[in-house]
Each structure stands twice: as C-alpha cells, then as structure tokens.
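What follows is a short report on a single structure.
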There are 2 protein chains.
Amino acid sequence: MTAAPPPRHPHPYNRSMSTRPIRTNRRTVYDELRRRVIGLDFGPGAPLSENELAAELGVSRTPVREALIMLAQDGLVQVFPKVGSFVSRVDAQRVSDAQFLREAVELASLDDIPADPDPEVVKELRENLAQQELAADDLDQFFVLDEQFHHGLLRLAHHEGTWQSVVAAKAHLDRARRLGLHDRSLHDFIVQHTQVLDALLTGGAEEARPLMRAHLRAVFDDIERLRARSPELFAPSVGQPTRRNIAVWE
Amino acid sequence: MTAAPPPRHPHPYNRSMSTRPIRTNRRTVYDELRRRVIGLDFGPGAPLSENELAAELGVSRTPVREALIMLAQDGLVQVFPKVGSFVSRVDAQRVSDAQFLREAVELASLDDIPADPDPEVVKELRENLAQQELAADDLDQFFVLDEQFHHGLLRLAHHEGTWQSVVAAKAHLDRARRLGLHDRSLHDFIVQHTQVLDALLTGGAEEARPLMRAHLRAVFDDIERLRARSPELFAPSVGQPTRRNIAVWE
DNA sequence: CTCCGAGTGCTTGTATACAATAACTGTCTA
DNA sequence: TAGACAGTTATTGTATACAAGCACTCGGAG
C-alpha cells in the first residue's frame, strides 16, 4: 500500500473573518441554466450550444462551459464530446431512484429531530406553510416554498449537510412533476405539509413518519400517473445523440 | 407564473448504437486528483495550484481547472476566487452527514432487494468477499473492493442510480477513515460484510438490516474514536483562507 | 436510383493570453 | 517601534484562438 503520508499544512484557513460570497459569472450562469432546466424553459432533450448561451447571456464560452460541467454532474445535462450538450431526458429509472433516495433520507431524518426542536426553525416552517396557502396558484413560488419546507425539516434534524443530495434528487422529481402539473391543484400537497409538521410537533417522529411517507408517495404517484398517460415524455436516455441539423433556412 | 411551455425536440438522441466512452483529459485529471485526495496523497487543507498541477500532469490549465470545479461540487475541494484552491478539511459535521445519508440509503435499499436476487450479482458479491480476504492487508485494494461490495448491494435492490450519491458521501467517510487506519486490522469489516450478505440471502432484509446497521456504525465509530484521539485532524472548515506564502528561497 | 466519398460547418476539447484581485514584503513616515 | 502604503507576485476568472471530430450535404461514379 502507498505510504499515505499524513501531511500537515500550516494554515490554509484562518484569519480575516469577513465572509466574501463572491459571485462569479460561472455561478450566475449555473443558477440561471439550472432554473431554466428545472422550470422546463429548456425541455428534456433540448440542445444546448455553448456559443449560443454565451452570446445570449453576454459572457464568453468559459463560464458557460463550466456551468454546463456542473449541471452535468447534477445529472441535469449530458455532454457528448465533440457532438453537443443536451438537457437530460426525464428518465423513469432516474426519477425512481431520486424518489427512493429522497424518501430514505427524509424519513430517516425524522428520527433524528429532537423532542425539543429549534423554535426559530419551527417558526420559519409555520410561516412557510402560511405562504404556501397564499401561493397555491403559483407553481414556481410553490416549488420555492416546498424546497424551503423540506430543507427546514432537515435542519431540525441537524442534517443540513444532506440537503445538497436531497435537492439534487428533488430536481429530477420536480422536473417530472412540472411535465404534468399545469392545472392540478397544489392544495393537497399543502395540506400534507401541514399534517406532517403538526404530527411531528405533537407526536414526534412516530406520528410523522407515515404522513411524510404518504406525502412523498403522493408526489411520486403523480409522476407515475403522468408516465402512464404520456409515456413519450419519459423516453429512456439510452441511445446516442445526433448533432442537431446544420441546415439553415436560406 | 411563467407559461412553462412544454417544448418538444425531435430527436436529440437516437441512432448510432455504438457506445463511445470518450476519455477526455478533464476526466483523466478528475479521476487522478480524486484518487489523490481520497487516498490522502493530498492532505486535508493542502493547497492545489492549477498551474502546478497542469505542469505536473502535462496538460494545460483548462482540464485541471474543470476537474477542480467537479471536485468542488463533490465537496472534496474548496475554491476561493482569486485566492486559491484547497483540499477540503475533514469536517466532523460533514462526515456525520455523510454517514447519515449512507446509512439511510443503504438500509432502505435492503427492503427493496427481491427475494430472488440476481444470481449474477450474487456471484460477483461472493467473489468480491473472497478477494477481500486476500487483500486484508492492502488498504487501497480493500477500499476498491469495499466500494464494489456496497455498489453490488444497491444493484441487487435495483437502485444503482443512487450509487453516485452514496459514493460521494462514502468519499468523505473513507478520507476520514484513512486518517487513522494505518495499523488497524480490516478483518472485522470483512467479517461484517460476509455476515450481511449471508443474512440477506437466507433471512432477507429483516435479518440483514441490523447487521448492516452495525457494520456502518462500526465504520463511523472508528472515525469518532479517531476524532476523540486527534481532534486537530477535524478542524472545522469555517474561517477564510489565506494565500500560501509567496516568499521564495533566495 | 444507389452508393460512396470529399467537403463543410457545427460541435466540444484544449491551450494560451490577459484581467482582476488578494496577500505578502518591504519601505517610508511618524 | 508601529503603522500606513505602495509594489510585487501568485492566484483564479474570463476571453479567445486553435485543434479534433462528428454528421450532414452534395456531387459524382456505377
């Protein structure tokens, strides 16, 4: 085996307490593209040209390219070398796996929520639910509040670090949901959220777990129903890509 | 709300069945750097210079830089704009979260393993365990086999898609383990692996779950014991970085 | 009509030049 | 001595030029 030397480096992190949340163009482009992919502004399978995006966003290829690499790691974009980049298909297996991971993590986290949860976070969750009622017609805003709600539950369990994985999985679920959620009422989901929180605060994890499971399953069932109705939206992402047609108009 | 148009793109993916697993320099550099970070060739907090790495690996800054961006998304590297890139600290909270996610996913997956599991995968798992016995002294090889083993269990549950998240979490756990595993015997872990598989095949998920939980907890306990003994290795990654010293010799 | 092959224009991959900035070093000033 | 301040240098961020490769187009051979 390699010696695996235990190196020690003096002080890579230390003084200068000021937080500097520098916003690079790469980050801005990443956030924007991610929003468009999840919001279906860029549909599954849509071709993404680094040059076009760079021109549209007013930057060079470099930050666009780097943002695409990050999105590819999220599984939201597929890059085919020397061929092209495409928005990932909504793959049924991937959606199923995302659901599985989310369910496993969120249900397990309920067990780690202390009996005396952080009142500050609880207050935020209550306010969040109130806002959900007000935003029951706005799909975009609902998804924002939905993320904050589930994120808050993980914070209660002191497992905020897993949120990154959960939100990555949730991205695939949300994209699938949007494919068929145009006219559906969000009221049921909001009621489920309220039930979960109430059960958690009064009866603890034991009471909340079945309700949370039912809620997550309801989301998944929605997707499964859509898949049964419109299977073409869930085309498997097996095949190889082809370049987009070169032919121009004139 | 935005119209959220459901765009349809003709055929971004279709013909040409030949699989082309093109290996780019970016991918090669990513794999190599990831190996070095997890293998502690690059210790926690070590500075990573894009120029130095490019020179050493014989490529330009571009693939190195893109590989660092990918590693940053994995949480193994932290990039401070205009300051420098550093190997992430082994943060106790992050290790704990990784353990939590891994445990939640792997335990939940046991429930989804069919009573009649894929004999091909089972055969691979058996052979894997035999190899583990032979490699009980080679830490590097053990980690490879360990990954294959846990990956195989997820494949049995038909949740291979979650492996990416699990292996990302496992990376942080393994890095912490290596900090204090130099002389420890791996035999216990191999025995636990065998017990889990045997229990799964004879008694199903019910029998396997407590053994799997005990195994994962044993890994985590190892890390916690190390943290109690050498807390300086787990310095929190709060603070800001400083540039590495410019001073040259002459 | 069919097939084949060169040409062409797009794509991403890589290399490189330059810009912006952070932090250290030394000097100057009080 | 202490502190301010400008200079220096290394760092990453960004832009751009070029390389490599794929897929379509189109013309010609049979």
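Residue numbering restarts at 1 for every chain, and letters A, B, ... go by the order of the sequence lines.
- Within a 6.0 Å radius of CZ in B:R227, no more than 12 heavy atoms belonging to other residues, nucleotides or ligands are found.
- Look at CZ on B:F86: it is 11 Å from C1' on C:dA23, rounded to the nearest Å.
- Within 4.0 Å of B:T62, counting heavy atoms only, lies at least one base atom of the nucleic acid.
- For B:R26, taking side-chain heavy atoms from C-beta onward, the closest of the listed nucleotides C:dT12, D:dG13, C:dT14 is C:dT14.
- Computed from coordinates, the B:R27 CZ to C:dT12 C1' distance equals 17 Å when rounded to whole Å.
- For A:P81, the listed nucleotide lying nearest its side chain is C:dT12; candidates were C:dT12, C:dA22, C:dT14.
- We find that CG of B:N25 is positioned 12 Å from P of D:dG21, with the value rounded to whole Å.
- When each of D:dT11, C:dG13, D:dA15 is scored by its nearest atom to the side-chain atoms of B:E52, the top-ranked nucleotide is D:dT11.
- Each of D:dT14, D:dA15, C:dT12 was ranked by its minimum atom distance to the side chain of A:S49; first place goes to C:dT12.
- Across the protein-nucleic acid pair, A:E66 atom CD and D:dG13 atom C1' stand 8 Å apart, rounded to whole Å.
- We find that CG of B:L53 is positioned 14 Å from P of C:dA15, with the value rounded to whole Å.
- Listed nucleotides: C:dG13, D:dT12, C:dT11. Nearest to the side chain of A:N51: C:dT11.
- Comparing C:dG13, D:dT14, D:dG13 by their closest approach to the side chain of A:S60 singles out D:dT14.
- A salt bridge does not link B:E120 to B:K123: none of the charged side-chain nitrogens sits closer than 4.0 Å to a carboxylate oxygen.
- The separation between B:L68 atom CG and D:dT12 atom C1' is 10 Å, rounded to whole Å.
- Summarising the geometry, the separation between CZ on A:R61 and P on C:dT12 is reported as 7 Å, rounded to the nearest angstrom.
- Taking atom CD of A:E50 as the reference point, atom P of C:dT12 lies 4 Å away to the nearest angstrom.
- When each of C:dG13, D:dG13, D:dA15 is scored by its nearest atom to the side-chain atoms of B:K82, the top-ranked nucleotide is D:dG13.
- Between A:R225 and A:D222 there is a salt bridge, with a side-chain nitrogen of the basic residue lying less than 4.0 Å from a carboxylate oxygen of the acidic one.
- Contact check, A:T24 against D:dT12: no side-chain N or O comes under 4.0 Å of OP1 or OP2.
- Counting non-hydrogen atoms of other residues, nucleotides and ligands closer than 6.0 Å to CD of B:Q164 gives a total of 12 or fewer.
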Working for side chain to side chain donor-acceptor pair (under 3.5 Å), residues A:N128 and A:E124: CA-CA 6 Å; A:N128 178 283; A:E124 287 180 24; over 6 Å; no
